J.: 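Take a look at this one; I'll ask things after.
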Amino acid sequence: MKQFATIDWIVFLGYASIIVFTGLWVSRSKKGVQKTTSDYFLAGRSLPWWTIGAALLAANISAEHFIAMSGSGYAVGLAIAAYEWIAAIVLIFVAKYFLPVFIQKGIYTMPQFLAQRYDKRVSTIMAVFWVLVYIFVNMTAVLYLGALAMERIIGVPMIYGIIGFSFFSAVYSLWGGMKAIAWTDVINVIVLIFGGLVTTFLAVSALGVDHGFFSGFVELIHKAPHKFHMIIAKGTVFVPDGSGGKKDAFLDLPGLGVVLGSMWLTNFAFWGFNQFIIQRGLAGKSLKEAQYGVVFAGYLKLLIPVLVVLPGIAAFALGADLAKSDEAYPWLLSNIVPVGIKGLAFSAIAAAAVSALSSIVNSVSTVFTMDIYKAHLSKGTKDRKLVIVGRIVALIALIIATCVAPQLRTLDQAYQYIQEYTGYIYPGEFLIFFCGLFWRKSTATAAVWIALLTIPLGILLKVVNPDLPFILRIGYVFIILTVVMIGLSLLDKSHQVENQFIGELARKKTVKLGWRIISIAGFVGIVAAFFVVPMRNLAIEAIYVLVTGFILIGTILILNASSHTMNEKGLIIERSLFKTTDVFNIAAIGICGILAVLYGFFW
């Protein structure tokens, strides 16, 4: 085992010093000038596309990827990469269809949009949900996994690692806000990509007869061919369950359900309606810059499995005997990565952890300050006080997460823990936002019921059928809630105004398109019914999530174009708002082409 040497400490401390210095430097204000809420929470809406793209990746990629996703790579294989590759396509839709509306509305937070579109009941419920999930799931997991890396690689006791990461994040992010976080994220992304690539190169090369990368990759596929399949059938792959036993990997990645089902739903909810993600786009200097930044992040997402999943598979092929799957990446740094490079590789993990932690902390601060404190506790508060409140809330959130994080020690694959427990809120979150954006008749009362039902329904299905994969469970909750959303909105006749149409010819074309979409979706659903039982080991029934989604889209098109009334807060969106540049369109096609090749090769 190669110890963390003096040169490694120099590299790591050098990185940490640069981050703190940069964060404090860009946070400076002119003498006598106070930070406004726009400065603190949205970096003054001044970020260029490359900073937005880097900030999006940094907000998403944390220690949970380097440690937990690498652990899933060790246990399951390349199939876990579906989270990253599907996200790349979703980001195209987010940039083209969601971001233009949010930026046009001039909002700071996602609950603020809900207050504008529905009412304060909906925005407050979702704001409370987000604050709790961010603190008790996201922040705690980032702190735990970052500290786990420190414990395994450097030997620092976990509790000190957790405190250290919290302090590191607080030093610059609490004072500088979004501007400090976004610009330090550029450095963090460079470090995490370069450090991650170096680790991947060394881990794969260690398998080669001549210690070459390409011969090592051939040997890797030869030694672990079952780790390079994107689709996992039931009963074919078993992984540690965190308590000394084994469980079917199908429970985490259920066959075709991964690419046909609610993985799309969770990605749309995470990337399209998640505060600490969308906040980066809202901070762009223009819509075009924001869209370029989001599609740039899509390309970066394609790279992530190379940085984090491939090393986990390499650790398996190298014969690493681990007590927990999440120890795969630390094992590589301790046994494969040489002295001097280890400091860089650990800096990549630290960069991922600190950037993600700072992003989540800032979003907790933003949501609580703008959507709970200002909206309900102290209306009319001036910017200066709101910024102070934001800093206090961020500090309290860090303290709470620091206290809770050590309780995650019993987990084997923390990445799946994060996905499962955030998944309770995603079906309702997606429906509330999607219908709020595009369906003129969706009502606040329906949205309130969806918000209140999404978690209890998920828990009920888990109790009734504990062996049901959580990805499939999310899909079933979505199907039920879709019926509830449509039904309650149509039954609610209050707060209606006269609908507005764009022209008779366009109206008829829209209705016809809606019926065509519903017909095709219905036909697919009927055909799929004949394959549900024969292909139950591949979870083909997950396709009904997509069928339901397209029926919802068709229904929205028909009702928007044919109903004489609409909700008084319904949005009338001009199609011209969704027009994008040739550069964006070419970049989007590039992402789709790359993914077609990857899935064709590794199916």
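All values below come from the heavy atoms of this structure, side chains included, with hydrogens, waters and symmetry mates left out. Remember, predicted model here, so these are calculated numbers, not experimental data.
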J.: Can you name the residues that form a side-chain contact (heavy atoms from CB on, under 4.5 Å) with Arg536, not counting sequence neighbours?
T.: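 For Arg536, the residues satisfying side-chain contact (heavy atoms from CB on, under 4.5 Å) (neighbours in sequence not counted) are Val533.
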J.: Who are the side-chain contact (heavy atoms from CB on, under 4.5 Å) partners of Ile89, not counting sequence neighbours?
T.: Phe93, Trp264, Leu595
J.: What is the minimum heavy-atom distance between Ala542 and Gly257, and which atoms define it?
T.: CB-CA, 3.3 Å
J.: If we only count heavy atoms from C-beta on, is the Met110 to Ile278 side-chain gap below 4.5 Å?
T.: yes
J.: Between Tyr15 and Asn188, do the side chains contain a donor N or O and an acceptor N or O under 3.5 Å apart?
T.: yes
J.: Would you tabulate the side-chain donor-acceptor contacts of residues 192-201 under 3.5 Å, counting partners in other chains and residues two or more places apart, or write 'none'?
T.:
residue, atom, partner, partner atom, Å
Thr199, OG1, Gly195, O, 3.1
Thr199, OG1, Tyr329, OH, 3.3
Thr200, OG1, Gly196, O, 3.0
Thr200, OG1, Val306, O, 2.8

J.: Tell me, please, which residues at least two apart from Thr454 pass side-chain contact (heavy atoms from CB on, under 4.5 Å).
T.: Pro427, Val477, Leu481
J.: Kindly say whether the aromatic ring centers of Phe434 and Phe438 come within a distance under 6.0 Å.
T.: yes
J.: Stepwise, does the side chain to side chain contact (heavy atoms under 4.5 Å, CB included) test hold for Phe470 with Leu461?
T.: CA-CA 9 Å; Phe470 74 89; Leu461 285 180; over 6 Å; no
J.: Might you point out which heavy atoms bring Gly146 and Ala353 nearest each other, and give the distance in Å?
T.: CA-CB, 4.5 Å
J.: By the side chain to side chain donor-acceptor pair (under 3.5 Å) test, which pairs, at least two apart or in different chains, include something from residues 289-312?
T.: Asn60-Lys301, Glu84-Lys301, Tyr292-Thr581
J.: Check Val11 against Gly343 and note the closest heavy-atom contact, atom names and distance.
T.: CG1-C, 3.7 Å
J.: So with a 6.0 Å cut-off around OH of Tyr599, is the heavy-atom count from everything else above 12?
T.: yes
J.: Rounded to the nearest 0.5 Å, how far does CG of Leu282 lie from CZ of Phe113?
T.: 11.5 Å
J.: Just jot down the side-chain contact (heavy atoms from CB on, under 4.5 Å) partners of Ala539, sequence neighbours excluded, or say none.
T.: Phe250, Pro254, Leu472, Glu541
J.: Kindly compute the distance separating CG (Leu557) from CG (Leu552), expressed to the nearest 0.5 Å.
T.: 9.5 Å
J.: Could you state the interatomic distance from CG (Leu546) to OG (Ser262), rounded to the nearest 0.5 Å?
T.: 9.5 Å
J.: Applying salt bridge (charged side-chain N to carboxylate O under 4.0 Å, His left out), can you list everything that pairs with Glu327, at least two apart in sequence or on another chain?
T.: Arg152
J.: Please report the closest heavy-atom contact between Phe584 and Ala95, naming both atoms and the distance.
T.: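 Shortest heavy-atom contact: CE1-CB, 3.6 Å.
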J.: Kindly give the heavy-atom pair with the smallest separation between Val295 and Ala588, and that separation in Å.
T.: CG2-N, 4.2 Å
J.: Just grab all the side chain to side chain donor-acceptor pair (under 3.5 Å) pairs involving residues 85-103, residues at least two apart or on different chains.
T.: Lys96-Thr580
J.: So does Met263 get a backbone contact from the side chain of Asn267, meaning a donor-acceptor N/O pair under 3.5 Å?
T.: yes
J.: Rounded at 0.5 Å granularity, tell me how far CG in Leu202 sits from CG in Asn335.
T.: 13.0 Å
J.: Do the side chains of Phe98 and Phe268 get nearer than 4.5 Å, heavy atoms only?
T.: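 Contact flag for Phe268/Phe98 side chains = yes.
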J.: With side chains defined as the heavy atoms from C-beta onward, is the minimum distance between Gln104 and Ile573 less than 4.5 Å?
T.: no
J.: If the condition is side chain to side chain donor-acceptor pair (under 3.5 Å), which residues does Ser363 pass it with, not counting sequence neighbours?
T.: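 Counting only residues at least two positions away or on another chain, Ser363 forms a side chain to side chain donor-acceptor pair (under 3.5 Å) with Gln279.
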J.: Rounded at 0.5 Å granularity, tell me how far CZ in Phe12 sits from CD1 in Ile349.
T.: 10.0 Å
J.: Evaluate the side-chain proximity of Leu253 to Tyr83: yes if any heavy-atom separation is below 4.5 Å, no if none is.
T.: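 Yes - at least one pair of side-chain heavy atoms lies under 4.5 Å apart.
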J.: More than 12 foreign heavy atoms under 6.0 Å from NE2 of His222: is that the case here?
T.: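 Count not over threshold, so no.
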J.: Side chain of Thr22, backbone of Ile19: donor and acceptor closer than 3.5 Å?
T.: no
J.: Does either side chain, that of Asn274 or that of Tyr134, offer a donor lying less than 3.5 Å from an acceptor on the other one?
T.: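 Side chains of Asn274 and Tyr134: pair found under 3.5 Å.
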J.: Could you check whether any side-chain heavy atom of Lys227 comes within less than 4.5 Å of a side-chain heavy atom of Leu78, counting everything from C-beta outward?
T.: no
J.: Verify side chain to side chain contact (heavy atoms under 4.5 Å, CB included) between Phe273 and Phe102, making sure each step is shown before the conclusion.
T.: CA-CA 10 Å; Phe273 312 126; Phe102 295 143; 3.9 Å; yes
J.: I'd like to know whether Leu357 forms a side chain to side chain contact (heavy atoms under 4.5 Å, CB included) with Met139, so could you lay out the CA-CA distance, the side-chain angles of the two residues, the decisive distance to 0.1 Å, and finally the verdict.
T.: CA-CA 6 Å; Leu357 181 63; Met139 288 176 61; 4.1 Å; yes
J.: Contact between Tyr544 and Val532 at the side-chain level, heavy atoms closer than 4.5 Å - yes or no?
T.: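 Contact flag for Tyr544/Val532 side chains = yes.
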J.: Just wondering, do Phe270 and Val90 contact through their side chains at under 4.5 Å, heavy atoms?
T.: no
J.: Would you name the heavy atoms of Ile540 and Phe531 that are closest together and state the gap between them?
T.: CG2-O, 3.4 Å
J.: For residues 309-322, please give each side-chain donor-acceptor pair under 3.5 Å, one per line with the distance, not counting sequence neighbours.
T.:
none

J.: If we only count heavy atoms from C-beta on, is the Thr236 to Asn537 side-chain gap below 4.5 Å?
T.: no
J.: Just distance, no hydrogens or angles: give the donor-acceptor pairs under 3.5 Å from side chains in residues 514-526, sequence neighbours left out.
T.:
residue, atom, partner, partner atom, Å
Ser519, OG, Trp515, O, 2.8

J.: Quick one: side chain to side chain donor-acceptor pair (under 3.5 Å) partners of Ser355, sequence neighbours excluded?
T.: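 For Ser355, no residue satisfies side chain to side chain donor-acceptor pair (under 3.5 Å) once neighbours in sequence are set aside.
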J.: Can you tell me how far the OG atom of Ser205 sits from the CG atom of Leu220, to the nearest 0.5 Å?
T.: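 Reported to 0.5 Å precision, the distance equals 11.0 Å.
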J.: For the pair Ser334 (side chain) and Trp331 (backbone), establish whether a donor and an acceptor sit closer than 3.5 Å, ignoring hydrogens and angles.
T.: no
J.: Please step through side chain to side chain contact (heavy atoms under 4.5 Å, CB included) for the pair Phe296 and Leu57, ending with a clear verdict.
T.: CA-CA 9 Å; Phe296 174 48; Leu57 188 76; over 6 Å; no
J.: Check whether Ser325 reaches the backbone of Ser72 with its side chain - one donor and one acceptor, N or O, closer than 3.5 Å.
T.: no
